[in-house]
Amino acid sequence: MPGTCVHHLFEAQASLTPDAVAVVSDGGVLTYRELDERAARCAQLLAEAGIGAERLVAVVMEPSPGLLVTMLAVWKAGGVYVPVDPSLPDDVAEAMIKDIGASLLVRDGSVTVAPSGVPVVDLEQVGLSDRPTTAPPPAVDPSNLAYCVFTSGSTGKPKPVAVTHASFANHAVSLRDELKLVPSDRFLQSTPIAFDAALEEIMPAWVTGAAVVMPDQRHFTSLEFTELIDRLAVTGVSLPSAYWHQWVDDLTSGLVSLPASLRIVFIGGDKILVDKLAAWYRIPGAESIDWVSDYGPTEASISVALYRPEPDELSGPGRSDYALAPIGRPFAQATFHILDDDMRPVPDGTPGDIWLAGPPLARGYHAAPAATADRFLPDPQGPPGSRMYRTGDRGSRRSDGTLLFLGRSDRQVKVRGHRVEPGQVESAMHHCAGVRDVVVISVEDPPFGSRLIAYVEAEDGVSEAAIRADISGRLSEAVVPRSIVLLDRIPRSPLNGKAVRSALPPVAPPHADDTGRADRTGQAGMTTLERVVALLVSDVLGGRSPSRDEDFFAAGGDSLRGLQLLSRVADVTGVGLSFAQLRMAPHVAGVAALVKRAHGRDASESAVVPSHERDDRCLASRGQQALWFLDRVHRGAPTYAVVLGYRIRGPLDLDRLDAALTGIVARHEALRTVFEEGNGRVWQRIRPASPVRTEVTVAADADKAGRLAEEEARRPFDLSAGPLLRSACYRVDAEDHLWLLNVHHAVFDAWSLAVFWREFAMLYAGRPLPEPTIQYADYCAWQERWLRGAEAEGQRDHWRARLEGDPPAVEPGLPRGSGKRSGTEGFALPLPPEAVDPTAVERVARACGSTAFTVLLAAFLATLRRTGGVDDVVVGVPMAGRNRPGTEDLIGYLVNTVPLRMRFTAGMTFRELVGRTDEALAEALTHQELPLADVVASLPRRAGGQRPLFHAMFALQSTPLDIEGGIEGLDIAEQFIHQGTAKAALTWSVRQHSAGLAGEVEYAADRFDQTSARGWQNTLLTLLAGGLADPGARLDELPVPTGEGGSPGSPSADQ
Amino acid sequence: MPPGEYLSEGDSEAALVYDVVVNHEEQYSIWPVSRPVPAGWKAVGFRGGKSEALDHIEKVWTDITPLSVRRAAAGPPSQ
């Protein structure tokens, strides 16, 4: 009923349901009666200050129930509500309030904004309780203004949009009906209060008799957000799309689960990725939630179109080609015109400019006639004298009436929810000291939206930092360009003086100019946990390595990236930190310290804890048991040796080396463990500590040293006799050694190696280490407990579901020799140094919102599919298994290989594959503890009896190592030494080095010879290069070398 | 250099000639002279490039409040 003002609608509801809850906050609730009475008292105060129809009241308050009272009071007094972001700098807010011609400013709490010439009411200072609750209603009409909202806080001159009661009331009632709100609903208010979308979370609830939930906290991690919904029984939320994308990731990975109370998810129509939408509908429980996205510029009251996905749009033949969700269908009596350049309607399916008309239209830009006339034009299609608004968006209408979004038609861009004209940013930057010329452009940075880059021509001696400091005082933080690039001269056309975009230097991601100074010494001082956090930070910042104390936000992090970081930290460490905590300690050292403290507190059953009574014999871990049996099958082949070769130049002191090794073996029980079978089980027996002695052999030259080391590496271990750590050294001369460290996998893994090197460097230097508190046997005890618990049961269910339908285990290569898989002999081919372009990998990873490893794994999966000729591929992916508190500093075999399955779909592109791989990896990460043997045991018995789940493995060795520079005076470099065995038909191991990507593929000799192995590797690298060059290409269209797997090979013989 | 190479757009629009038009609510706007003025609007007699037309509007349209709302605020209609 658009014939009424919004506060009339509220008052009608309050008299209908006076005792219903209107506001829920951390501090308690307000009923409709209480809210109405408080607002009436406050309205008295405003009326006394001269507020009436068309008078603007600036409200600068933190979001709170008090703010809602004030908002309602402004309307009751007949005035116009003008919310101003309380986090703006005082002078910016004051200029806005003065410019718009506010009659009054209402503020509270810590807000100190005080524009000269504008009277101020500080609600902290005035009492409202003695004021009457009834007063003569002001003369206000639906055609009067209800609110005025600024389109962006980007510069000193944002545009204030003036909206009438008629438009606003029409919207509130329409949205109530559209979302089928009921009095029992509780809608969360979480949008920043100065956006018009915040009103969308309030008014529709109030014209229903439902409650508005007003939390104190404003930045939520997924964990906090989910917890808040649960705690306050929220039924409806409205989220910006980027935040929702993150939430979908976290729901998919199992980090959080859908709260039971939730029934409406409303997405602020920014850019919604269709992929995420598809992922959303795979989340259990999501199908019963009403998912709606909206479209609406501020100039047309809040939202004018809604979109609800139809089943066939997400999959199958009807699937949209667009990576973004449609705008949807008009609502709230809005009319959409799609017009050509001459403002004539275009046929369905033809792109055009989107114009809006109808009751939702704003009156215009407050006190800005020319700006209003520029965007609000006569509407030839509407009633006589009516207007239409030029949105600046491009779109088209499908034959079914659904509207599609096709981008912006002018330079206006949206940066983190703020609408920005690069021209406005340019003009602000022109005012910075020393800036001669500037061009600002925007680039797409999925999934975070657009990012601004400023090219600046500056006077000599003016630094990027100085400009950045200057501009920060002139623009709100959100629209300060992420990158500021100094140029000698901005390329401009001699014809018309306009900047030539193609002549601007290639757009470097914000981290690229910093990578050169990434500080290795800063890395070297970090603990293992800090390195892990640093790795996550670098992931989130797109590859840029942070130093230990570097401010995350100064380094390019924003709140969305911050929340993403917290999700990853939670994934990896199991510790959920709040955004406020990150704000307080926004650096690697701070986050690591918080995680460590949380681990210390959290000594519950989820943690690995020292046990006090233990004898020197205990049950082997599940992984160790598996290795024991494999070792028996392989008859002592060194398949599961972890062979490490280091070329050491400089005065290596072998006595100190032995002393350090002896110290490490004494510290870590795992390294002095042997195994035995008894009562049908495998046991580990811990030996007393004894000295380690490195066997020294003199070698004629480095080549000879390498050959001797390879020979030594082939010598098997005896798991029941030990020792399981061996050290040999090949001496070329006094300053040149090849050190071979060989440790059996049953007591060691990649993460252990990081622990090993940190401790080794300390002990070699003669420095003390704190006593370890946890030993591997404690982990085994924890694992036995855990396997009996509910979480393990959940993971069994998870893997059973994932591996349902008996995926074909296609074995790469062709049978050679006897054709019988003995599973031991193998060889490795290193990746040629230039085979993979790390910047291309990084670029595609960023573009897909993913990581370099995911992109590589995707290429690996694609190659297995192509060479195997199947659309269902399972790959073994080792997971560190270090996400339990207490395991961080442990040496031992904790790594667990999970069967990662990829089911390819027809027409899948490389980009889609990366996205799906990302999801699969995230899922695997959260279900990584269930030992592989238990995964296999939980599956239904398969036809053909026992056979491996996978024949190919992909190892992401992301554990940071600091061998280089690890020991003073010694130059230590890794030297690849292979023991001549293979764990699977093929295994691709990749490591991230300071120099880029390194790795090798290990092949089983009974499936590959050197030629076919090179062919396979060639196919892998060609497919990867093709995917990197064109991520949008269909997998089937990616080139492969001719004659090498271009046509599907026959599935392997033993299937 | 092709036109798409330049950062600024809207060149074609800037070259158009507009009428300044007004409706029954004394709301002003601009309309290309090449198209018939839509029903309910009339040209005020000022014609020029986009920025001239908008400059003119900035001078003559001093209050964007629609006429009916201004009248209501001034008191009950006397006629």
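Note that the structure is a prediction, hence the values are computed from the model and not measured.
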Quick check on B/Ser34 against chain A: is it the side chain, the backbone, both or neither that has a heavy atom closer than 4.5 Å?
neither
Contact origin within A/Ser386 toward chain B - heavy atom pairs under 4.5 Å:
backbone
Please classify the contact of A/Glu54 with chain B as side chain, backbone, both or neither, using a heavy-atom distance under 4.5 Å.
side chain
Side-chain donor/acceptor of A/Thr391 to backbone N/O of A/Ile354, under 3.5 Å
yes
For B/Trp61, which atoms come within 4.5 Å of any heavy atom of chain A: side chain, backbone, both, or neither?
both
Counting heavy-atom pairs under 4.5 Å to chain A, which of B/His24, B/Glu25, B/Gln27 comes out on top?
B/Gln27
Can any side-chain N or O of B/Ser29 pair as donor or acceptor with the backbone N or O of B/Val21 at less than 3.5 Å?
no
Below 30° counts as parallel, above 60° as perpendicular, anything between as tilted: where do the rings of A/Phe376 and A/Tyr389 land?
tilted
My understanding is that only one of A/Phe168, A/Tyr81, A/Trp75 makes a ring-ring contact (aromatic ring centres under 6.0 Å, His included) with A/Tyr147; could you say which?
A/Phe168
Are any non-hydrogen side-chain atoms of A/Met388 and A/Gln381 less than 4.5 angstrom apart?
yes
For chain B, the option from A/Pro380, A/Pro378, A/Ala370 that forms the most heavy-atom pairs under 4.5 Å
A/Pro378
